[in-house]
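Letters A, B, ... are given to chains in the order of the sequence lines, protein chains preceding strands, and every chain is numbered from 1.
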There are 2 protein chains.
Amino acid sequence: MTLQPRAALPGNGTGSGTAQSNGAKLDRAIPEATVARLAVYLRVLGDLAATGSETVSSEDLAAAAGVNSAKLRKDLSYIGSNGTRGVGYEVARLVRQIEHILGLTQRHGVALVGVGNLGHALAGYSGFASRGFPLRALFDVDSDLLGIHINGILVEHADRIPEVCAERGVTIGVIATPGPAAQAVCDRLVAAGVRSILNFAPQVLQVPEEVEVRKVDLAVEMQILSFHVARRHGEGGQGGSGGVNGEAGAERPVVVPQ
Amino acid sequence: MTLQPRAALPGNGTGSGTAQSNGAKLDRAIPEATVARLAVYLRVLGDLAATGSETVSSEDLAAAAGVNSAKLRKDLSYIGSNGTRGVGYEVARLVRQIEHILGLTQRHGVALVGVGNLGHALAGYSGFASRGFPLRALFDVDSDLLGIHINGILVEHADRIPEVCAERGVTIGVIATPGPAAQAVCDRLVAAGVRSILNFAPQVLQVPEEVEVRKVDLAVEMQILSFHVARRHGEGGQGGSGGVNGEAGAERPVVVPQ
DNA sequence: TTCTGTGAAACCATTCACAGCC
DNA sequence: GGCTGTGAATGGTTTCACAGAA
């Protein structure tokens, strides 16, 4: 359902690879940055639909999504012309269009490795399944966790990743292990045929180029915020903080990365 | 154990509302993309230091961080010349340099709002404090949670955000509430003087431009991966998995059909 | 007239390639 | 010779600004 898109490939094929180069590149036309925003538009559109709106202008949708309207229109133009000049976009149609482009009309089996603190929370997050990403397997190596069920899913030993993932049609892997274990887990997922990984572990993963990895790193996010606090903000409120710029002077490193 | 996260990458997503007002551009501006990578280099350098390395070449450090060496050298050039030609970079010195730039030589008090599933996991993550981001306050509105302690921190009512944050010198706020509650929480944090926010709620936050918001959105990340699964992967043969790959359809439109 | 769709310009980030120091 | 630091080239993203459909 839901098909009827039309994708206008802009001008000439601008081939281009993904961030990571790729041997075989077809010309895909949707910029990576646009794909990320499409997911955001989708959520905002869902809210709009819930309030009964049937159409929305680029200006309003952009404001709700936190981007400017020219960017939004350009983004939508990559997935075809879906608006009506003088009127705006039909909410329901746009939702179908974006879901189609993002591949959300099919389900993607998910395996989560590492049922510790964070992993447990993620496994318990029901929004997963309801959004087309059914959790099909849980793995860990801790004997206290093996055998328990979370949200109805059995926690199995990480050694079984290859067979279980293949068996249950897992296409997306989520890694929530401690950093040191992440690479080995990743290797097993890749061996099992998984080509898309979401990594919460504080570890840079080395993968073959056909594997797509997205990273979510709390420490990095906090440090980026720290950078901004140190430079611009900080004087307004508290944080006295003594001089931060001195060039040579290192006070005392509070943080030592692992 | 295990948590920590963030994401970087190209544009990735998510950017967030952060309006990038550029008011003061006195110092040589360090590109946003570079800042995100500096945090990654910092972690890799920590690993290197732990193994006893005293110096490292741009080639090796880049490989470990998952970027190419030219990019790494360019990034490091923004924070000054710290290497020795013909030799490489002194690990300890580079660590200090990056910590200084990221503002990690000072501590940043953190308040976390929303102690549900995910929030609880984040609050229990001790790595927070040890990395220079002491957790100073926890908030929620659920009476079952008010009054309990997590990691020694009392959970207080969200109505107290303004006074408590001001009192304890909180400079960074972390929002882990359900989407609908996020904006109100954000407004209170801003009112309390917080200028840096890490948002885990599935909600676009509207903030004054002097406030920096970074977004971590599980649904968005999954959908981006979905796009790639739908587009590129899948045809490779598959997986060793014997495949039950069936699930719904195969899809293959690599380039959107029309 | 309103609002979309889109070339073209501006901007930012990445990669190249090599001069210069060790 | 090995490796950093960086101008120049390239490529991707955002913004501008306006033609054109409803």
What's the CG-P distance between Asn82(A) and dA22(D), to the nearest Å? 14 Å
Separation of dC12(C) P from Asp75(B) CG (nearest whole Å): 16 Å
Presence of Arg73(A) side-chain N/O under 4.0 Å of dC16(D) phosphate oxygens OP1/OP2: no
Whole-Å gap separating P (dT13(D)) and CD1 (Ile30(A)): 12 Å
From the options Arg37(A), Arg43(A), Arg214(A), select the one residue that forms a salt bridge (Lys or Arg N to Asp or Glu O under 4.0 Å) with Asp217(B). Arg43(A)
Give the rounded distance in Å between these two atoms: NZ of Lys74(A) and C1' of dG7(C). 7 Å
Are any non-hydrogen side-chain atoms of Val190(A) and Arg195(A) less than 4.5 angstrom apart? yes
Kindly compute the distance separating CG (Asn199(B)) from CD1 (Ile197(B)), expressed to the nearest 0.5 Å. 8.0 Å
Can you identify which nucleotide, out of dT4(D), dT15(D), dT13(D), has its nearest atom closest to the Ser57(B) side chain? dT4(D)
State, with a plain yes or no, whether a side-chain heavy atom of Leu122(A) is found less than 4.5 Å away from one of Phe200(A). yes
Hey, which sits more toward the 5' end of DNA chain C by its nearest nucleotide, Thr84(A) or Val87(B)? Thr84(A)
Evaluation steps, side chain to side chain donor-acceptor pair (under 3.5 Å), between Glu32(A) and His228(B): CA-CA 10 Å; Glu32(A) 193 60 33; His228(B) 291 286; 3.1 Å; yes
Nearest-Å distance for atom pair CZ/P, residues Arg85(A) and dT2(C): 16 Å
Heavy atoms from C-beta onward define the side chain here; which of dT13(D), dT6(D), dT4(D) lies closest to that of Ser77(B)? dT6(D)
note: Tyr89(A), atom OH; dA21(D), atom P; distance rounded to Å ~ 16 Å
Specify the separation, in whole Å, of atom CG of Asn68(A) and atom C1' of dT4(C). 14 Å
OP1 or OP2 of dT4(C) versus the side-chain N and O atoms of Ser58(A): is any pair under 4.0 Å? yes
Residue met sooner reading DNA chain D from 5', once Gly86(A) and Ala70(A) are mapped to nucleotides: Ala70(A)
Any side-chain N or O of Tyr78(B) less than 4.0 Å from the OP1 or OP2 oxygen of dC12(C)? no
Does the side chain of Lys71(B) get closer than 4.0 angstrom to OP1 or OP2 of dT15(C) through an N or O atom? yes
Take the protein atom CZ of Arg37(A) and the nucleotide atom P of dT13(D), then report the distance between them rounded to whole Å. 9 Å
